[in-house]
Amino acid sequence: MTRQERAAAFGPSTLITCLPLVLVFTAPILIAGHYMPDTFIGISGLEQVRRFCIAELITASVSIALIFLLMAWRRHLANKALDKEVITKRQTVITAVIFTVIYLLFPYSYSGLRVQTDDAGCKGVMPLRYAQLLYLTDKDIRERQTEVSCEGSTVFRTTVLSKEISKYEYSFATEDGRDIGQLSPHEYRRFNNGLFNKAAHEFTVYKNSHVIAAIDGVSETDEVSLNVIEFSYDPETKMLTRELICENEDELPMIYLVYSENGRDIQEGPINGMTEMYFNLPYRKVYGFRAVMHDSWKDREIPVSESFTVDKTG
């Protein structure tokens with residue numbers, strides 16, 4: 001085959017099939033972005049993870065079928081251009097298989113639920129992992145059996161593929177490195193708070209999929225509280241006391257104690273590292289105490305404790 005014949009056969013056919021092939025390879029990433037769960041916690045988390053797995057499995061099936069169709073179309077165009085067989089059926093199948101293997105290994109490595117599938121014990125390329133995770137989430141939705149996974153402080157983890165590439169999939173992990181479950185970007189932003197990270201929490205996960213069932217007994221994401229500080233007051237010693245969140249609270253953002261009388265804020269001051277604070281409450285008033293952090297960017301107050309009151313009006 002001359003150079004001119006090769007250009008006439010392979011040039012147009014390659015160009016025509018190139019764009020659809022690019023779309024096939026990017027489809028898993030686009031679908032992952034659209035169907036990524038808003039929450040990985042509770043029954044809603046299970047249902048959204050199941051929906052994600054179904055969407056990715058459908059995408060994988062359609063994409064693999066399209067790869068073989070595109071290669072067959074390329075063969076048809078190339079052979080028609082010269083009116084003879086320049087690409088055989090065997091070559092077409094081999095090319096389609098090579099592209100399928102690349103498809104299975106490449107796009108799914110940069111999108112999806114790798115952290116969650118690892119935690120659930122799923123193996124293989126990502127479509128196989130999604131199929132296993134789909135089975136496990138279906139089973140958990142039917143059975144709704146949970147098990148205690150961890151009790152203690154946590155750290156967030158971002159999966160790193162290499163020195164140049166980080167895959168932004170977030171999860172909780174114990175201090176000894178054990179993964180607990182994956183989080184959505186929304187949940188990461190909500191929970192990526194020094195006080196929440198350092199405080200002790202109890203996590204339960206669903207038995208099969210290891211999707212987080214509850215944090216501190218609360219299963220719905222929006223209800224999970226950042227109120228990790230609890231106060232108590234001893235009228236004899238006149239001491240307001242609390243437990244430390246971690247060994248060195250200087251590593252945490254600044255925590256402020258707000259002191260109020262009859263609902264009116266009187267003063268506030270930093271309490272990082274302080275477990276005992278002296279307050280003489282001599283008058284017949286309702287005294288209030290609460291711990292807060294300040295978000296200067298949004299000009300708002302973030303509560304990190306419940307409001308604690310001492311009622312001396314009775």
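Note that the coordinates shown come from a computational prediction; the quantities given were computed from them, not determined experimentally.
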Count the heavy atoms belonging to other residues, nucleotides or ligands that lie under 6.0 Å from OH of Y283, then report whether that count exceeds 12. no
Looking only at non-hydrogen atoms, find the nearest pair between S219 and A213 and report the distance. CB-O, 3.2 Å
State, yes or no, whether a side-chain contact exists between R264 and N262 at a heavy-atom distance under 4.5 Å. no
Above 12 or not: heavy atoms from other molecules or residues under 6.0 Å from OH of Y259? yes
Would you say V49 and L113 make side-chain contact, with heavy atoms under 4.5 Å? yes
According to a 4.5 Å side-chain heavy-atom criterion applied to Ile, Leu, Val, Met, Phe, Trp and Tyr, with indirect links allowed, do I102 and V93 form part of one hydrophobic cluster? yes
Establish, from distance only, whether the side-chain atoms of T241 and S232 form a donor-acceptor pair under 3.5 Å. yes
Considering residues, nucleotides and ligands other than E202, do more than 12 of their heavy atoms fall under 6.0 Å from its CD? yes
Applying the side-chain contact (heavy atoms from CB on, under 4.5 Å) criterion to C53, which one of T137, D138, L133 satisfies it? L133
Looking at CG of L257 and CD1 of I271, how far apart are the two atoms once the value is rounded to the nearest 0.5 Å? 5.0 Å
Is the backbone of L281 close enough, under 3.5 Å, to the side chain of K312 for a donor and an acceptor to pair up by distance? yes
Check step by step if salt bridge (charged side-chain N to carboxylate O under 4.0 Å, His left out) holds for D140 and K207. CA-CA 7 Å; D140 281 330; K207 182 178 180 181; over 6 Å; no
Grouping I, L, V, M, F, W and Y whenever their side-chain heavy atoms are under 4.5 Å apart, do Y35 and L30 come out in a common cluster? no
May I ask you to decide if M274's main-chain N or O and R242's side chain share a donor-acceptor pair within less than 3.5 Å? yes
How many angstroms lie between atom CD1 of I180 and atom CG of L183, to the nearest 0.5 angstrom? 9.5 Å
Non-hydrogen side-chain atoms of L240 and E276 separated by less than 4.5 Å: no
Under 4.5 Å between side-chain heavy atoms, hopping through other hydrophobics if needed: is there a path connecting F99 to I64? yes
Quick check: does any side chain N or O of E261 sit under 3.5 Å from a backbone N or O of I266, one acting as donor and the other as acceptor? no
For R144, look at atom CZ and say whether over 12 heavy atoms of other residues, nucleotides or ligands are found less than 6.0 Å away. no
Would you give the length of the straight line joining atom CG of L46 to atom CD1 of I212, rounded to the nearest 0.5 angstrom? 11.0 Å
Less than 4.5 Å apart, any side-chain heavy atom of Y130 and any of I54? no
Ignoring hydrogens, what is the shortest heavy-atom contact between N272 and L252? Give both atom names and the distance. ND2-O, 3.8 Å
Are the side chain of Y233 and the backbone N or O of F279 linked by a donor-acceptor pair below 3.5 Å? yes
Decide side chain to side chain contact (heavy atoms under 4.5 Å, CB included) for T275 and L244; before the verdict, give the C-alpha distance in whole Å, the side-chain angles of both, and the deciding distance to 0.1 Å. CA-CA 6 Å; T275 58; L244 288 176; 3.5 Å; yes
Is F289 atom CZ crowded by more than 12 heavy atoms from other residues, nucleotides or ligands, each under 6.0 Å away? yes
May I ask you to decide if A214's main-chain N or O and T204's side chain share a donor-acceptor pair within less than 3.5 Å? yes
Within the distance-only criterion (no hydrogens, no angle test), does the side chain of D295 pair as donor or acceptor with the backbone N or O of R300 below 3.5 angstrom? no
Is there a side-chain contact between V292 and I302 (heavy atoms, below 4.5 Å)? no
Would you call R114 and R129 a side-chain contact if the rule is heavy atoms closer than 4.5 Å? yes
For the ring-ring contact (aromatic ring centres under 6.0 Å, His included) test, which of F172, Y170, F196 pairs with F156? F172
Given K123 and L128, is the side chain to side chain contact (heavy atoms under 4.5 Å, CB included) satisfied, shown in steps? CA-CA 7 Å; K123 305 294 183 182; L128 291 179; over 6 Å; no
Closest approach of F52 and P37, non-hydrogen atoms and distance? CD1-CD, 4.0 Å
What's the shortest heavy-atom distance between V115 and S171, and which atoms? CG1-CB, 3.5 Å
Are L104 and V62 connected in the hydrophobic side-chain network, where two residues link if heavy atoms are under 4.5 Å apart? yes
Does Y206 form a side chain to side chain contact (heavy atoms under 4.5 Å, CB included) with I141? I'd like the steps, not just the answer. CA-CA 9 Å; Y206 289 102; I141 289 173; over 6 Å; no
Could you please spell out the steps behind the side chain to side chain contact (heavy atoms under 4.5 Å, CB included) verdict for L105 and Y103? CA-CA 6 Å; L105 295 178; Y103 170 87; over 6 Å; no
Atom OG of S260 and atom OH of Y287: how far apart are they, to the nearest 0.5 Å? 10.5 Å
With rounding to the nearest 0.5 angstrom, report the CG to OG distance, L57 to S61. 6.5 Å
For the atom pair CZ (R190) and CG (L226), what is the distance rounded to the nearest 0.5 Å? 5.5 Å
D216 (side chain) donor-acceptor with V218 (main chain) under 3.5 angstrom: no
More than 12 heavy atoms of other residues, nucleotides or ligands under 6.0 Å from CD of E301: is that the case? yes
Hey, is the main chain of S307 close enough, under 3.5 Å, to the side chain of R290 for a donor-acceptor pair? no
Are the side chains of M293 and L195 in contact, using a 4.5 Å heavy-atom criterion? yes
Using only heavy-atom distances, determine whether the side chains of T309 and D311 contain a donor-acceptor pair under 3.5 Å. no
For the backbone of C150 and the side chain of H201, can you confirm whether one donor and one acceptor N or O come within less than 3.5 Å of each other? no
Check whether I58 and L23 end up in the same hydrophobic cluster, where Ile, Leu, Val, Met, Phe, Trp and Tyr are linked by side-chain heavy atoms less than 4.5 Å apart. no
Should we say atom CG of D234 is surrounded by more than 12 heavy atoms from elsewhere, each under 6.0 Å from it? yes
With distance as the sole test, does Q116 use its side chain to make a donor-acceptor pair with the main-chain N or O of H210 at under 3.5 Å? yes
Show the nearest heavy-atom pair for residues P270 and M254, with the distance to one decimal. CB-SD, 3.5 Å
For a quick test of reading the model, state the closest non-hydrogen atom pair linking A96 to I67 and the distance between them. O-CG2, 3.6 Å
If we only count heavy atoms from C-beta on, is the D119 to Q182 side-chain gap below 4.5 Å? no
